[in-house]
Amino acid sequence: MTMDVAAPRADLGPSLPRAGRLGRVNWNWLGVAPFFLFAFLFLIGPVLYLVGGAFQNTEGAFTFDNIIALGSPNIVASFSLSIRLSLLSAAMGAVAGLLLAQAVILGGLPAWVRGAFTTFSGVASNFAGVPLAFAFIATLGRLGLVTVLLRDLFGINLYASGFNLFSFFGLSLVYLYFQLPLMFLIIAPALDGLKKEWREAAEILGATRRQYWQLIGLPVLAPTILGCFLLLFANAFGTLATVYALMGSGFDVVPIVLFQQIRGNVLYNPNLGYALALGMVVIMGVSNTLYLILRSRAERWQK
Amino acid sequence: MKKSFPVVPVLTALFAASFFVVPLIATFYFSLKMTRGELGFAAYASVFNSAEFLTTITYSTIASLVAILIGAVIIVPTAYWVRLKVPRLRPVVEFISLLPLVVPPVVLVFGYIRLFGSNSWLPLTTTTAGTDMLLVLGYVVLSMPYMFRAVDNGLAVIDIATLTEAAESLGASRLRTIATVIFPNVRAAIISGAFLTFSISLGEFVLASLLNRPAFGPYLVQLGQDRAYEPAALAIMSFGFTWGCMVLMQVFATRKPGQRWFPRLTSRPAQRTTA
């Protein structure tokens, strides 16, 4: 849009009365130079360095070997573990968050309930990392309060029945503590955007609640839900501190493998580490980009 | 249609609320059990009496504050300048400010270690001061998406073009305009972004650990391996801290420039004074 307007004006330039500006270079961009310099040195540069390194061997010659080495069994296994964990925790977060938002916003509950959940979600979605792992160990660990209570009061032995906090499923339950509130926060505006008229029209035409959601509500929300799911996926994929505090360094999700690689070069090849970093950035980039595309698609309904 | 009692929504909300609250209660209760046979704040006392806790939390607090300061100095003039003079660059600047959401911290710090390592053109990691600087700048990068959005929202509600013209016609230089006119007007927005930055960087683990700095995050992890009750106490304190940061962030984000902290005591209905 702005380009179309700006182009003809540039052609008219010489005939403009302000001849003093003529021939001068526009120095306005200099004002943003410090920002670009900073971003280049401490954000883009380091990432480009890794990307470049991913396509070089230890002597600095161009090669695809590192990318091919990503196909080795242990690396495929860690990507697969990361992706499965992120998918499961994103799915759990998306479904639970959507149900909660639907109940709180459209379920006819008093307004303060929504306010309370919104405030709490703002905090909980930022309560990740090491303290979150501690909280779950104190709750559902082998000596955690809930584990002990269930055993002493109800005679249910969680760990004997197959539950383990320090497992794939346990970890996704921990992730749920920040995924659910995040979903709640980002899906809420979309539920507000469901017009009352649609629901009324459906009811007048004799639709049941189920039909309304199946044929109108969910299809309208689908791009938003999918977008939010991808955001949650990326959110889980990049998580390191929570896993590390809970599982130590033995649980081989991709960030942990990279962390170990930086610490002590466990892959015996720094350039393979670069390829690993590249893989992470690509996955995060793709899911975030798709999220943005889906979000702009979903906003069609809000006009 | 007759409104019936919303059974399913109430149950859903209760279930979610208990999922959120039970871990907090359990952790709090657990943190009180350090002394055998009685409930008390022994774990908290033990945390506060630990010299390592005090040094690491001081280090992380200073690092976070410096990061907030540098972030504000970089982002406020940039957001201001983009809005005022080069709106065409806005998508680019916005895109860059969102990039840290795509680059995981572990990748970022990997890049730092390699790019600023011992045999690079700018060997920052070879000195303590250089590594401290990298850590702080890393926090600036990690908080950039939030800081930029907060400041940009703050700039949206004030008329920067008019303010700038007014300052210029009074003879203020560019730098003076930014320092004495724009900064004070987006102060609330900066502080709002600052609290989020603070809550992110105070307990940050990955950067601090891989840059080998004596920060609070690595101390937390170590404590989690060595002790049982102190981590629970710290988790509760950390939740309270995050809560405080988020509340203060909200307060400052919704505060208009020049707005009073408390309504005037002799307040009259607003309509009458404006009419």
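The shown structure was predicted, so the numbers you read here are calculated from the model rather than taken from an experiment. Scope of the values below: all heavy atoms of this structure, side chains included, with no hydrogens, waters or symmetry mates. Throughout, protein chains are lettered first and strands after them, A, B, ... in sequence-line order, and every chain is numbered starting at 1.
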Do A:Met284 and B:Pro104 have side chains that approach each other closer than 4.5 Å (heavy atoms only, starting at C-beta)? yes

Most heavy-atom pairs under 4.5 angstrom with chain A, which of B:Pro77, B:Gly111, B:Ser97, B:Gly224? B:Gly111

Can you classify the ring geometry of A:Tyr177 versus B:Phe19 as parallel (below 30°), tilted (30 to 60°) or perpendicular (above 60°)? tilted

Scored by heavy-atom pairs under 4.5 Å with chain A, the best of B:Leu101, B:Val82, B:Ile236, B:Leu210 is B:Leu210

Which one wins on heavy-atom pair count under 4.5 Å against chain B: A:Thr289, A:Leu180, A:Val113? A:Leu180

I want to know whether B:Tyr229 and A:Phe134 have ring centres closer than 6.0 Å. no

Could you please spell out the steps behind the ring-ring contact (aromatic ring centres under 6.0 Å, His included) verdict for A:Phe259 and B:Phe110? CA-CA 9 Å; A:Phe259 184 83; B:Phe110 192 24; over 10 Å; no

Between B:Val106 and chain A, with a heavy-atom cut-off of 4.5 Å, which part of the residue counts as in contact: side chain, backbone, both or neither? both

So what's closer than 4.5 Å to chain A heavy atoms on B:Pro231: side chain, backbone, both or neither? both

Sidechain-backbone polar pair: B:Tyr29 side chain, A:Leu145 backbone, donor-acceptor under 3.5 Å: no

Taking every non-hydrogen atom, the tightest pair across B:Ala13 and A:Val104: CB-CG2, 4.4 Å

Of all heavy-atom pairs linking A:Gly107 and B:Pro6, the shortest is O-CB, 3.1 Å

Given a strict heavy-atom distance threshold of 4.5 Å, which part of B:Leu196 is in contact with chain A: side chain, backbone, both, or neither? side chain

Aromatic ring pairing A:Phe120/B:Trp243, orientation class (parallel under 30°, perpendicular over 60°, tilted between): perpendicular

Could you have a look at A:Leu176, A:Leu140, A:Leu99 and say which one has the most heavy-atom pairs with chain B under 4.5 angstrom? A:Leu176

Top residue by heavy-atom pair count (under 4.5 Å) with chain A, among B:Val221, B:Val86, B:Leu220? B:Leu220

For A:Phe42, is there any backbone N or O sitting under 3.5 Å from a side-chain donor or acceptor partner on B:Tyr112? yes

Please classify the contact of A:Asn126 with chain B as side chain, backbone, both or neither, using a heavy-atom distance under 4.5 Å. both

Side chain, backbone, both or neither: which part of B:Met144 has an atom under 4.5 Å from a heavy atom of chain A? side chain

Side chain to side chain contact (heavy atoms under 4.5 Å, CB included) for A:Thr139 and B:Phe30? Distances and angles first, verdict last. CA-CA 8 Å; A:Thr139 309; B:Phe30 195 86; over 6 Å; no

Under a 4.5 Å heavy-atom cut-off, does chain B meet the side chain of A:Val130, its backbone, both or neither? side chain

Select, from B:Asn212, B:Val247, B:Val93, B:Leu122, the one with the greatest count of heavy-atom pairs under 4.5 Å involving chain A. B:Val93

Which atoms of B:Ala17 approach chain A - backbone, side chain, both or neither, heavy atom under 4.5 Å: both

When rounded to the nearest 0.5 angstrom, what distance separates OG in A:Ser121 from CE in B:Met246? 12.5 Å

Tell me, yes or no, whether the heavy-atom count around B:Leu39 atom CG, taken from other residues, nucleotides or ligands under 6.0 Å, exceeds 12. yes

Specify which of A:Phe36, A:Tyr244, A:Phe127 makes the most heavy-atom pairs with chain B at under 4.5 Å. A:Phe127

Measure distances from A:Leu43 to the heavy atoms of chain B and classify the residue's part below 4.5 Å as side chain, backbone, both or neither. both

Side chain / backbone / both / neither for A:Phe237 at chain B, heavy atoms under 4.5 Å: neither

Counting heavy atoms not belonging to B:Arg227, are there more than 12 under 6.0 Å from its CZ? no

Restricting to non-hydrogen atoms, name the atom on A:Pro131 and the atom on B:Ala235 that form the minimum distance, rounded to 0.1 Å. O-CB, 3.5 Å

All heavy atoms of A:Val146 vs all of B:Val22, minimum pair found to be CG2-CG1, 3.6 Å

Can you tell me how far apart OG1 (A:Thr118) and CD (B:Gln250) are? Round to the nearest 0.5 Å. 9.5 Å

Please flag which part of A:Leu149 lies under 4.5 Å from any non-hydrogen atom of chain B: side chain, backbone, both or neither. neither

Please round to the nearest 0.5 Å and tell me the distance separating atom CG of A:Asn288 and atom CG of B:Leu98. 9.0 Å

Should the heavy atoms of other residues, nucleotides or ligands under 6.0 Å from CZ of B:Arg149 be counted, would the total exceed 12? no

Nearest heavy-atom neighbours spanning B:Leu115 and A:Pro46: CD2-N, 3.7 Å

B:Leu89 portion near chain A, given a 4.5 angstrom heavy-atom threshold: side chain

Is A:Phe38 in contact with chain B via its backbone, its side chain, both, or neither, using a 4.5 Å heavy-atom distance? side chain

For B:Ile113, is it the side chain, the backbone, both, or neither that has a heavy atom closer than 4.5 Å to a heavy atom of chain A? side chain

Contact origin within B:Leu11 toward chain A - heavy atom pairs under 4.5 Å: neither

May I ask you to name which of A:Leu278, A:Leu258, A:Val148 has the most heavy-atom pairs under 4.5 Å with chain B? A:Leu258

Counting only non-hydrogen atoms closer than 4.5 Å, does A:Val47 touch chain B with its backbone (N, CA, C, O), its side chain (CB onward), both, or neither? side chain

Contact winner vs chain A - B:Ala232, B:Cys245, B:Ala16, B:Pro105, heavy-atom pairs under 4.5 Å: B:Ala16

Applying a strict 4.5 Å limit to non-hydrogen atoms, the region of A:Ile44 in contact with chain B is side chain

A:Ala234 versus chain B, heavy atoms under 4.5 Å apart: side chain, backbone, both or neither? neither

Quick check on A:Leu50 against chain B: is it the side chain, the backbone, both or neither that has a heavy atom closer than 4.5 Å? side chain

Below 4.5 Å from any heavy atom of chain A, which atoms of B:Val92 appear? Answer side chain, backbone, both or neither. side chain

Do you know which of A:Pro181, A:Gly129, A:Ala135 has the most heavy-atom pairs with chain B at a distance under 4.5 angstrom? A:Ala135

Sort B:Ser209 into side chain, backbone, both or neither according to what part of it lies under 4.5 angstrom from a heavy atom of chain A. both

Identify which part of A:Tyr274 has an atom lying under 4.5 Å from any heavy atom of chain B, answering side chain, backbone, both or neither. both

